[in-house]
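Scroll down for the structure; my scribbles are underneath it.
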2 protein chains.
Amino acid sequence: MPTCSIAATLEAVGDRWTLLILRDLFRGVRRFEALHRDLGIARNLLTDRLHRLVELGIVQRVPYQERPVRHEYRLTPKGADLSPALVALMRWGDRWYAEDGPPTLLVHDQCGTPLEQAVACPSCHTDVTPHHIRSRPGPGRLTEGATR
Amino acid sequence: MPTCSIAATLEAVGDRWTLLILRDLFRGVRRFEALHRDLGIARNLLTDRLHRLVELGIVQRVPYQERPVRHEYRLTPKGADLSPALVALMRWGDRWYAEDGPPTLLVHDQCGTPLEQAVACPSCHTDVTPHHIRSRPGPGRLTEGATR
DNA sequence: GCAGTCCGTTTCGTTTCGAAACGGACCCGG
DNA sequence: CCGGGTCCGTTTCGAAACGAAACGGACTGC
């Protein structure tokens, strides 16, 4: 258990494929064969990553048919909670690599408006730019080591 | 250039070390030796990752002394713009791996209040849960392929 | 019986990684 | 001037991870 939550997160989902698998799960691609086709990931790696995600409680393996029993992979609440992180990664890609505009827009299901993501100060009622973010040791800090 | 901004982002910074290096740069750890010590990364990999980040325009190599010329590594605006992504990754780690509370708090520099991060709908003036996020093809979509 | 689908596992050559040694440019104290 | 000490890399080499492809097993449908 690293002393830094970023490190903890990356230890769980921080390899070349895992976040892409999770992206697909968010998109509704849930089956082994579909993930394999869509991502181009080697089958043995896909097996491995899915098992790992299940062990970590990020993904759930649920049967979608009997005879033969076949399973699909679904996000648990813990997995669904990665949504903001994927949104943030996507927005950065949008800003720096999408010359023709974002390939995908995230919109509010009730009104269709494109969504925004921001860091905000609940007491000042304002958005906070990276420049105005400071970090402080929190309650979970043992001793040494800084973080972010 | 992948058709998905998440894939584009991960192609740039999505390996085991790069995001940790960037985290350290945010924290003000800027020198080769310091990064090496703090991260425990192999020296050859650190060299490689830093060069790569410079090539990508995420990091800048600036001299901090002559005789001998020594450089430190600083975030460019493109690099600093990864802040929301690191914040999101950190918050997930906080929520799921920090039993004793977050090891690090992000606070507003002006008032010291711990910050929040949310996805919001600008027209409804509300926060939006992952459940209410839909994705749509955006202007940068060529043909095929979905995303998130 | 034979093809087709779906989900894995095994195999094996290639790439990447990690630890440690090496080297070069300097400063400093003796 | 010589032997550390610092800082930043590069080289080397065995271990680990990856990727492509073949294989196998449990079905369905013709």
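Model, not experiment: these values are computed from the prediction.
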For R70(A), the side-chain contact (heavy atoms from CB on, under 4.5 Å) test, sequence neighbours excluded, returns Y64(A), Q65(A), P68(A)

Sequence neighbours excluded, the answer for side-chain contact (heavy atoms from CB on, under 4.5 Å) partners of H36(A) is E33(A), R43(A), L46(A)

Pairs under 3.5 angstrom only: tabulate donor-acceptor contacts from the side chains of residues 112-128 of chain B to other protein residues two or more places apart or in another chain.
unit_1	atom_1	unit_2	atom_2	d
T113(B)	OG1	S123(A)	OG	3.1
Q117(B)	OE1	A88(B)	N	3.4
Q117(B)	NE2	P84(B)	O	3.1
S123(B)	OG	T113(A)	OG1	3.1

How many Å lie between [atom1] on [X] and [atom2] on [N], as a whole number?
X	N	atom1	atom2	value
H36(A)	dA22(D)	NE2	P	12 Å
L50(A)	dT9(C)	CG	C1'	14 Å
E33(B)	dG9(D)	CD	P	10 Å
R30(A)	dC7(C)	CZ	P	13 Å
D38(B)	dC7(D)	CG	P	15 Å
E66(B)	dC26(C)	CD	C1'	13 Å
F32(B)	dG23(C)	CZ	C1'	14 Å
L35(B)	dT6(D)	CG	P	18 Å

Which side-chain N or O atoms in residues 72-79 of chain A pair as donor and acceptor under 3.5 Å with protein atoms at least two apart or in another chain?
unit_1	atom_1	unit_2	atom_2	d
E72(A)	OE2	R74(A)	NE	2.8
E72(A)	OE2	R74(A)	NH2	2.8
Y73(A)	OH	R61(A)	NE	3.3
T76(A)	OG1	G57(A)	O	2.6
T76(A)	OG1	I58(A)	O	3.1
T76(A)	OG1	K78(A)	N	3.3
T76(A)	OG1	G79(A)	N	3.2
K78(A)	NZ	L56(A)	O	2.8
K78(A)	NZ	Y97(B)	OH	3.0

With sequence neighbours excluded, tell me which residues meet salt bridge (charged side-chain N to carboxylate O under 4.0 Å, His left out) with [X].
X	result
R16(B)	none
D15(A)	R49(A)
D109(B)	R134(A)
R95(A)	D81(B)

- Query: Between R141(B) and T104(A), is any side-chain donor less than 3.5 angstrom from a side-chain acceptor?
  - Reply: yes

Under a 4.0 Å heavy-atom cutoff, the residues of residues 51-65 of chain A touching DNA chain C are R61(A), Y64(A)

Each nucleotide of nucleotides 13-20 of chain D classed B (base within 4.0 Å of a protein heavy atom), S (only sugar-phosphate) or -, in 5' to 3' order, makes -----SBB

Q. Any donor-acceptor pair under 3.5 Å linking the side chain of T9(B) with the backbone of L89(A)?
A. yes

Sorted by chain and residue number, the side-chain hydrogen bond (donor to acceptor under 3.5 Å, both in side chains) partners of W17(B) (sequence neighbours excluded) come out as none

Residues in residues 68-76 of chain B with a heavy atom under 4.0 Å of DNA chain D, by number, are R70(B), H71(B), Y73(B)

